[in-house]
Asks: 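I have a structure here, written as structure tokens, and I will follow up with some questions on it.
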Amino acid sequence: MSIDERVGGGPESRAWFERAKRVTPGGVDSPVRAFGAVGGTPLVIREARGATIVDVDGREYLDFVGSWGPLILGHAHPKVVEAVEAALKRGTSYGAPCVPEIELAEEVVASYPGLEQVRFVSSGTEAVMSAIRLARAATGRDLIVKFSGCYHGHADALLVAAGSGLVTFGQPSSAGVPKDFAALTRVAPLDEISTLERLFDADGDRIACVVIEGVPANNGLLVQRKAFLEALRALCDRHGALLILDEVITGFRLGPGGAAERYGITPDLATFGKVIGGGMPVGAFGGRRELMRLLAPEGGVYQAGTLSGNPIAMTAGLATLRILRAEDGWRRLEALSDALAERIEPVLAKSPVPATLVRMGSIFWIAWFASEPPRSAESLDPRTSAVYAQVFHALLERRVALAPSAFEVGFLSLAHEHADLDRFADALAGALSSIENV
Ligand SMILES: *Cc1c(COP(=O)(O)O)cnc(C)c1O
């Protein structure tokens with residue numbers, strides 16, 4: 001299939017998307033949704049339930065995007081919907097403390113290593129932006145360190161060689177970010193302890209914090225070695241810098257203690273989003289009380305939000321976490337991931353292009369032209385996007401939806417059943433047999 005033949009959505013999706021493009025830049029409110037990396041027209045979605053999304057043409061797809069991570073129970077889980085409906089009738093926002101906000105904070109604090117206090121915001125971007133401001137205030141330093149291949153939202157300080165959509169679109173950073181801001185951010189490659197050591201040797205006493213994704217999952221799934229994270233933790237301690245673990249994807253997805261629990265690493269600050277909002281707009285950041293008390297109104301670090309701790313969003317998040325606990329969710333997701341590997345690995349073994357399934361809990365990704373899981377952005381094969389675009393559209397024709405970018409991961413949910421995994425494996429086998437010109 002040539003690029004021009006790539007279709008994506010049907011006639012209704014195409015008509016709606018034409019309307020969207022007139023009134024919204026690129027027709028979308030978040031760039032990767034526009035199918036720029038794979039070609040064709042996005043599906044305009046009408047509804048979703050369980051593991052299925054339905055577009056405005058009435059076509060049903062088996063969904064592994066899960067709204068990019070939040071929907072760990074699947075779409076429109078009946079108990080989440082019921083809790084949200086009940087909450088809606090009690091009002092949509094109060095701008096004052098409310099019970100679900102306090103209960104969700106207690107749940108997060110009780111679950112996550114080293115966390116004593118948490119503050120809710122409305123997106124992952126806001127969470128990381130606020131955590132960095134807090135780290136700078138706590139240390140009295142300005143420099144921050146991030147890793148190439150990690151994405152932390154679109155705050156100015158972090159749009160410096162970031163991952164996700166930016167890598168896909170070949171932009172190392174964003175227009176509109178002042179050079180002077182970007183100069184305060186150092187970008188290091190993942191998986192290289194020696195580079196980090198040199199960075200700290202040179203500037204250690206000016207570094208406020210290092211921010212890293214719990215498991216880097218925005219530029220492929222770049223699972224890090226425990227030794228790398230331990231070295232990072234030790235370097236931060238030696239130089240008085242704070243370690244911020246960005247658990248926006250991994251928090252409450254890998255388990256109640258996120259990547260911190262998996263790796264046995266306790267960060268100074270952690271950021272959350274996605275799963276803790278149960279599909280509503282939520283972020284959060286937290287840490288030890290001694291750090292968190294620096295925030296207004298107790299301390300001098302200003303941070304606020306009209307809809308922060310919103311009762312509907314808090315209710316959706318709380319319902320999601322309670323169901324995960326009550327239904328042994330994380331263990332079941334691990335088992336589902338094993339079942340996925342059993343089905344997908346034999347299919348990839350026969351792929352005309354070498355491909356490796358990478359997974360961590362219920363997060364999965366296919367590394368193209370790779371014989372083992374890559375650990376850094378620099379090690380990804382430049383032919384990846386071209387192959388993926390073909391596989392993506394061939395899967396879409398078979399009514400299986402992966403993310404419209406080679407570097408976005410897939411998500412399993414408790415709504416996925418073994419039959420869905422069989423269907424995925426069959427569709428993938430068919431898709432791989434159709435790829436050409438590689
Ligand atoms: C999605 C994501 C963010 C940004 O969250 P938004 O809610 O999209 O602002 C930050 N960090 C990581 C690791 C993410 O995956």
Side-chain angles (χ1 to χ4, degrees), residues 28-34 65-72 112 119-133 135 144-168 174 185 187 190 209-224 229 243-254 258-260 262-263 267 269-286 303 305 307-310 313-314 316-317 320 360-365 377 403-405 407-411:
V28 292
D29 288 308
S30 199
V32 197
R33 297 179 193 171
V65 185
S67 189
W68 307 85
L71 299 175
I72 195 164
Y112 192 85
R119 178 161 282 174
F120 290 111
V121 292
S122 297
S123 69
T125 294
E126 246 188 289
V128 182
M129 180 185 84
S130 307
I132 283 173
R133 183 179 305 144
I144 65 172
V145 177
K146 78 175 287 289
F147 294 91
S148 60
C150 282
Y151 177 70
H152 303 288
H154 65 90
D156 281 351
L158 294 161
L159 285 180
V160 184
S164 193
L166 291 170
V167 165
T168 304
S174 168
T185 302
V187 182
L190 288 163
C209 62
V210 179
V211 57
I212 186 168
E213 285 183 65
V215 178
N218 276 285
N219 194 357
L221 186 58
L222 305 173
V223 177
Q224 296 300 291
L229 295 174
L243 177 61
I244 303 177
L245 216 47
D246 181 352
E247 301 246 32
V248 170
I249 285 185
T250 44
F252 293 91
R253 177 165 281 280
L254 297 183
R262 286 256 172 160
Y263 282 101
L269 294 169
T271 56
F272 303 91
K274 299 192 171 116
V275 169
I276 63 157
M280 298 292 286
V282 178
F285 63 105
Q303 190 284 325
L307 292 175
S308 294
N310 173 265
M314 298 291 107
T320 299
M360 175 67 118
S362 54
I363 310 171
F364 69 92
W365 179 62
S405 159
F407 304 103
E408 300 289 348
V409 295
F411 294 101

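All values below come from the heavy atoms of this structure, side chains included, with hydrogens, waters and symmetry mates left out. Atoms within each ligand, like the ligands themselves, are counted from 1 in listed order.
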Asks: Let me confirm one number: the CZ-CD distance from F285 to E247, rounded to the nearest 0.5 Å.
Replies: 15.5 Å
Asks: Run the salt bridge (Lys or Arg N to Asp or Glu O under 4.0 Å) test against R262 and tell me which residues pass, sequence neighbours left out.
Replies: E334
Asks: How close do N218 and E213 get, counting heavy atoms only, and between which atoms?
Replies: ND2-OE1, 3.0 Å
Asks: Who pairs with Q303 by side chain to side chain donor-acceptor pair (under 3.5 Å), at least two apart in sequence or on another chain?
Replies: R119
Asks: I'd like to know whether L190 forms a side chain to side chain contact (heavy atoms under 4.5 Å, CB included) with C150, so could you lay out the CA-CA distance, the side-chain angles of the two residues, the decisive distance to 0.1 Å, and finally the verdict.
Replies: CA-CA 9 Å; L190 288 163; C150 282; 4.1 Å; yes
Asks: Applying side-chain contact (heavy atoms from CB on, under 4.5 Å), can you list everything that pairs with S67, at least two apart in sequence or on another chain?
Replies: P70, L71
Asks: List ligand 1's nitrogen or oxygen atoms that come under 3.5 Å of a protein nitrogen or oxygen, with the partner atom and distance.
Replies:
residue: ligand 1; atom: 5 (O); partner: G124; partner atom: N; Å: 3.4
residue: ligand 1; atom: 7 (O); partner: G124; partner atom: N; Å: 2.8
residue: ligand 1; atom: 9 (O); partner: G124; partner atom: N; Å: 3.4
residue: ligand 1; atom: 9 (O); partner: T125; partner atom: N; Å: 2.8
residue: ligand 1; atom: 9 (O); partner: T125; partner atom: OG1; Å: 2.6
residue: ligand 1; atom: 11 (N); partner: Y151; partner atom: O; Å: 3.4
residue: ligand 1; atom: 11 (N); partner: D246; partner atom: OD1; Å: 3.4
residue: ligand 1; atom: 11 (N); partner: D246; partner atom: OD2; Å: 2.7
residue: ligand 1; atom: 15 (O); partner: N218; partner atom: ND2; Å: 3.0
residue: ligand 1; atom: 15 (O); partner: K274; partner atom: NZ; Å: 2.6

